[in-house]
Structures are given as structure tokens and as C-alpha cells.
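These figures come from a predicted structure and were not determined experimentally. In what follows, every heavy atom counts, from backbone to side chain, and hydrogens, waters and symmetry copies are set aside.
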Amino acid sequence: MIFDRPAFELAPALIGAVLTVRGCSGRITETEAYTPDDPASHSFPGPTKRNAAMFGPSGCAYVYRIYGLHWCLNVVAAPGHAVLIRALEPLHGIDTMTARRGPGKPLTKGPGMLAQALGIDQDDNGRPFGSPTFALTPGPPTEVLIGSRIGISKAVDWPYRYGKKGSKFLSRPFPASFCQKYSGG
DNA sequence: ACTCTGATGTACT
DNA sequence: GTACATCAGAGTA
């Protein structure tokens, strides 16, 4: 898995990859790309205390708090680039994830939900992927849908949202999207 | 199915 | 003071 490349290349390549966090894992079904020239990106103003991990080594986590309540998990790509993990298909540790989320609640169909399900918080900011307990492993080639990003107010039309075609584990459907096949790596 | 709104911390003007 | 890369619950239909 090559992390040191633009986020709009890493983001589709992560669709189908397996994310493992301390015994819980899931197949990535939805991502978004954020780049330094993107007004919606935390890296747009340049390095700050919050976004420091985005300018650190590739292949590490960038974790931030959103709306005072939730954590969001990104994968650092090239410097100033990051990929937001927005949804997963749960694979292992489902009982643990259910305990963290609460019975009957969706586990991982949104960035805040999956961070809670996986137990992600501030302590994971800057942590490198590549240990047995914190890993990102490539998946098979996958058909990837492309659309515009969710929950932002700037650069609304940039086609930087990516999803696994046909997946039921998406935060929202992809309306009338492009579809392209990516090799999972 | 949908729309509306409250909750809450932090970075920024 | 304002703006968030959000979610859950209540209300309407």
C-alpha cells in the first residue's frame, strides 16, 4: 500500500482495504479525499497544532474532534493530504463494537460512528498503520463509485467522495455517480 | 420516508 | 462570537 501520494489517489485505493484497530476490523466502503489546495481541507491554512499529523509521515492516522462530540479518522497520504474514512463493513470484533455503540445502533456507517465503534480517540492521532493491532491491509480490486463530499460548505462540487459499488455500508447512497475499477492497493 | 434541532469542544476571527 | 469533514431523537407524513 503506497501512502505517499495525493489523497485523490489513495482514497479510491483504500476502498476494499481492511482496517484493524485493537482487535476490531472492517472493510472500508467509503472514503473522502482532502488536499492542501482544497478550501474544505483542514490543511488548507497550512500547518497548525490541530492538523500537524497531516503534515507528518505518510501512513499515519490523523484524528480530530468534530462538533465537540465525535472523533474522525483519516489516513495521512502525501504531506498535507489525508483520506477520511467514512464507512466500513464490520468484520471482526462486532460484539465489542456493538458494546461501544449501544444495542441496535448502526455500527460503522459514518465517520463518527466508526471511530466510536473502533475506540478511536485523540490518543491515536499520529499513530502509524502497520502494526498487528493498528493496520491497513489491501483488498481485492473493487468497483468504486465517485461523488461529491458530505457535510462540507466549501468546494462542495469536488468529486472527492469514493464508495464501494453495491455496498450496504455507506453513510449515504451515491446518486448518479461515475463508476470506475481500481486495483486494491 | 423525511426535516428539524440540540448536544458539545476546539480552532479560528 | 462563529464555524464546524456529525449523530440521535423527535416530529411530520
Asker: If you only use heavy atoms from C-beta on, which nucleotide in C:dG9, C:dA5, B:dT8 is closest to the side chain of A:Leu69?
Answerer: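 Of the candidates, B:dT8 comes closest.
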
Asker: Whole-Å distance between C:dC4 C1' and A:Arg149 CZ?
Answerer: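 Nearest whole value for this atom pair: 14 Å.
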
Asker: How many Å lie between CZ on A:Arg161 and P on C:dT6, as a whole number?
Answerer: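 Answer to the nearest Å: 11 Å.
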
Asker: Side chain of A:Met113 only, heavy atoms from C-beta on: which candidate in B:dG9, C:dC7, C:dA5 is closest?
Answerer: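 Per side-chain heavy atoms of A:Met113, the pick is C:dC7.
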
Asker: Can you find a side chain N or O atom of A:Ser153 that sits less than 4.0 Å from OP1 or OP2 on C:dC4?
Answerer: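 So the side-chain polar atoms of A:Ser153 do come within 4.0 Å of the phosphate oxygens OP1 or OP2 of C:dC4, strictly under.
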
Asker: How long is the line joining NE2 of A:His70 and C1' of C:dA5, in whole Å?
Answerer: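 So the NE2-C1' distance, A:His70 to C:dA5, works out to 12 Å.
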
Asker: Looking at every heavy atom in both A:His81 and A:Ala7, which two are closest together, and how far apart are they?
Answerer: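 The pair with the smallest heavy-atom distance is ND1-N, 3.0 Å.
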
Asker: Does a donor on one side chain and an acceptor on the other come within less than 3.5 Å for A:Gln116 and A:Arg100?
Answerer: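 Checked: A:Gln116/A:Arg100 side chains show no N/O donor-acceptor pair below 3.5 Å.
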
Asker: For A:Asp121 and B:dT8, give me the distance from atom CG to atom C1', rounded to whole Å.
Answerer: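 The answer, rounded to whole Å, is 16 Å.
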
Asker: Ignoring hydrogens and angles, tell me if any N or O in the side chain of A:Thr108 forms a donor-acceptor pair with the backbone of A:Leu114 under 3.5 Å.
Answerer: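 No; judged by distance alone, with no hydrogens or angles, the pair does not exist.
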
Asker: Under 6.0 Å between the ring centres of A:His42 and A:Tyr34?
Answerer: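 For A:His42 and A:Tyr34, the ring centres are not under 6.0 Å apart.
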
Asker: Between C1' on C:dC7 and CG on A:Leu114, what's the gap in Å once rounded to a whole number?
Answerer: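 Interatomic distance, CG of A:Leu114 to C1' of C:dC7: 13 Å.
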
Asker: Under 4.0 Å between a side-chain N or O of A:Ser41 and OP1 or OP2 of C:dA5?
Answerer: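 Answer is no, no contact under 4.0 Å.
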
Asker: What's the closest nucleotide to the A:Arg65 side chain, out of B:dG9, C:dA8, C:dA5?
Answerer: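 Of the candidates, B:dG9 comes closest.
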
Asker: Does the pair A:Arg161/A:Glu30 count as a salt bridge with the N-to-O cut at 4.0 Å?
Answerer: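 Result for this pair is yes, salt bridge flagged.
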
Asker: Heavy-atom count around A:Asp157 CG within 6.0 Å, excluding the residue itself: above 12?
Answerer: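 Count not over threshold, so no.
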
Asker: Rounded to whole Å, please give me the gap between CH2 in A:Trp71 and C1' in B:dA7.
Answerer: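 So the CH2-C1' distance, A:Trp71 to B:dA7, works out to 16 Å.
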
Asker: Would you say the side chains of A:Arg22 and A:Thr133 form a donor-acceptor pair under 3.5 Å?
Answerer: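 Checked: A:Arg22/A:Thr133 side chains show no N/O donor-acceptor pair below 3.5 Å.
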
Asker: Hey, does A:Ile66 reach any base, or is it just sugar-phosphate, or nothing, if we go heavy atoms under 4.0 Å?
Answerer: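 A:Ile66: backbone/sugar contact only, no base atoms under 4.0 Å.
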
Asker: Please classify the nucleic acid contact of A:Gly68 as base, sugar-phosphate, or nothing, using heavy-atom distances under 4.0 Å.
Answerer: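 Base contact.
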
Asker: With centres under 5.5 Å and planes under 30° as the test, does A:Tyr67 stack with B:dG9?
Answerer: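 The ring of A:Tyr67 is not stacked on B:dG9.
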
Asker: Look at the side chain of A:Lys105 and decide which nucleotide, out of C:dT6, C:dG9, B:dA11, has an atom nearest to it.
Answerer: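 Closest of the options to the side chain of A:Lys105: C:dG9.
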
Asker: Does C:dT6 have its OP1 or OP2 closer than 4.0 Å to a side-chain nitrogen or oxygen of A:Arg86?
Answerer: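 Looking at the OP1 and OP2 atoms of C:dT6, one of them is under 4.0 Å from a side-chain N or O of A:Arg86.
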
Asker: How many Å lie between CD1 on A:Ile120 and C1' on C:dA5, as a whole number?
Answerer: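 The answer, rounded to whole Å, is 16 Å.
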
Asker: Is the terminal nitrogen or CZ of A:Arg149 (NZ for Lys, CZ for Arg) located under 6.0 angstrom from the six-membered ring centre of A:Tyr160 and within 45° of that ring's axis?
Answerer: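 No; the conditions do not both hold, so A:Arg149 does not lie above the ring face of A:Tyr160.
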
Asker: Taking Watson-Crick (N1-N3 plus N6-O4 or O6-N4) and G-U wobble (N1-O2, O6-N3), each under 3.5 Å, can you produce the dot-bracket string of DNA chain C? Use [ ] for crossing pairs and | for inter-strand ones.
Answerer: ||||.|||||||.

Asker: What is the distance, rounded to the nearest whole Å, between atom OH of A:Tyr64 and atom P of C:dC4?
Answerer: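 Rounded to whole Å, this separation is 12 Å.
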
Asker: Looking only at side-chain N and O atoms, does A:Arg101 come under 4.0 Å of OP1 or OP2 in C:dA8?
Answerer: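 Answer is yes, contact under 4.0 Å.
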
